[in-house]
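Structure record follows, encoded as structure tokens.
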Amino acid sequence: MRIILLGPPGAGKGTQAKRLSKEFGLSHISTGDILRKNVLEVTQLGVQAKDYMERGLLVPDDLVSQMITQRFSQPDVRNGFLLDGYPRNINQAETLEQVFLKENLSIDFVIYLDTSEKTVLQRLTGRRVCSNCGLIFHIKNMPPKKAGICDACLGALYQRNDDNEETVKKRLEVYEKEVSPLLEYYEVRHKLHRLSGDEDAEIVLNKIISLVSAN
Ligand code: AMP
């Protein structure tokens, strides 16, 4: 199964991708996670991407395209994948089509998690992420059993430095301008499925599972 998850920051793409990849044995490809790892490891890509990420802007397409081309040349993608955070504009969607053509792959579902600004702000400013396994918590909606500690691996939880209110607003602006044209792009290709991202993660997960199982 090959799925693209679309939606604003805070729509729950990462949370759903983690659960779905477990449920269906798919590779979770998150361009945000790959970029953050590069920033942490101070690679050449990380150094080039850091400033854009901290300002809530898109990392230039050529850098991200190289990264995604390389990721899709790895054998695990043949067993299916969930793409989370890519594509983020029409140019990236066209690059993806080229990559798929080259690798002989195609997309089964593009799932759009339609989420209100109120939900996004509330979720992102309270989000905490495990520095070890990447599990996502929320200080109110999904608190860890012990404050600051991951339930699954006891790793330390941290707040992403782009999850503050000011940067979130910038990320939402970028989303409106760059990402929302992708809805039409996939709609005319008959791939787009819309679901509400405002509902609880469990409900959204079940709706996605019903959708992919019925098609
Ligand atoms: P995310 O974890 O998906 O919210 O991404 C965090 C940040 O990484 C974004 O605000 C961008 O700066 C950068 N980023 C992630 N994916 C992409 C992409 N496909 N194109 C450009 N920048 C990206």
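Note that the numbering runs from 1 along the sequence shown for the chain. Indexing begins at 1, ligand by ligand and atom by atom, following the structure's order.
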Which bit of Glu54 gets closer than 4.0 Å to ligand 1, counting heavy atoms only: side chain, backbone, both or neither?
-> neither
Taking the side chain as every heavy atom from C-beta outward, state whether Asn161 and Thr167 have any pair of such atoms under 4.5 Å apart.
-> no
Per-atom contacts of ligand 1 with Arg36, taking only distances under 4.0 Å to non-hydrogen atoms | 2 (O), 6 (C)
Counting from 1, what ligand 1 atoms have a heavy atom of Leu57 closer than 4.0 Å?
-> 11 (C), 12 (O)
The atoms of ligand 1 lying under 4.0 Å from a heavy atom of Gln92, numbered in the order shown, are 18 (C), 19 (N), 20 (N), 21 (C)
Within 4.0 Å of some non-hydrogen atom of Val64, the atoms of ligand 1 are 18 (C), 19 (N), 20 (N), 21 (C)
Report yes or no: do Val64 and Tyr175 belong to one cluster of Ile/Leu/Val/Met/Phe/Trp/Tyr joined by side chain heavy-atom distances under 4.5 Å?
-> yes
Can you check whether Tyr86 has an N/O within less than 3.5 Å of an N/O in ligand 1?
-> no
Which of the numbered atoms in ligand 1 are below 4.0 angstrom from a heavy atom of Leu35?
-> 8 (O), 13 (C), 14 (N), 15 (C), 23 (C)
Inspect the contact between Asp76 and Arg71 and indicate whether a charged nitrogen and a carboxylate oxygen are less than 4.0 angstrom apart.
-> yes
Count the heavy atoms belonging to other residues, nucleotides or ligands that lie under 6.0 Å from OH of Tyr52, then report whether that count exceeds 12.
-> no
Establish whether Ile90 and Ile107 are linked, either directly or via other cluster members, by ILVMFWY side-chain heavy-atom contacts under 4.5 Å.
-> yes
If you measure every N/O of Val59 against every N/O of ligand 1, is any gap under 3.5 Å?
-> yes
Do any N or O atoms from the side chain of Arg171 and from the backbone of Asp162 form a donor-acceptor pair under 3.5 angstrom?
-> yes
Find all atoms of ligand 1 within a distance of less than 4.0 Å from any non-hydrogen atom belonging to Arg171, and give their numbers and elements.
-> 4 (O)
Please indicate whether Lys191 has more than 12 foreign heavy atoms, meaning atoms of other residues, nucleotides or ligands, lying under 6.0 Å from its NZ.
-> yes
Approximate separation, where rounding is to 0.5 Å, of Asp33 CG and Lys18 NZ | 5.0 Å
May I ask you to list the atoms of ligand 1 that are less than 4.0 angstrom from any heavy atom of Thr31?
-> 15 (C), 16 (N), 17 (C), 19 (N)
Check whether any heavy atom of Lys13 sits under 4.0 Å from an atom of ligand 1.
-> no
Between the candidates Met67, Arg88, Glu178, Arg55, which shows the shortest non-hydrogen contact distance to atom 1 (P) of ligand 1?
-> Arg88
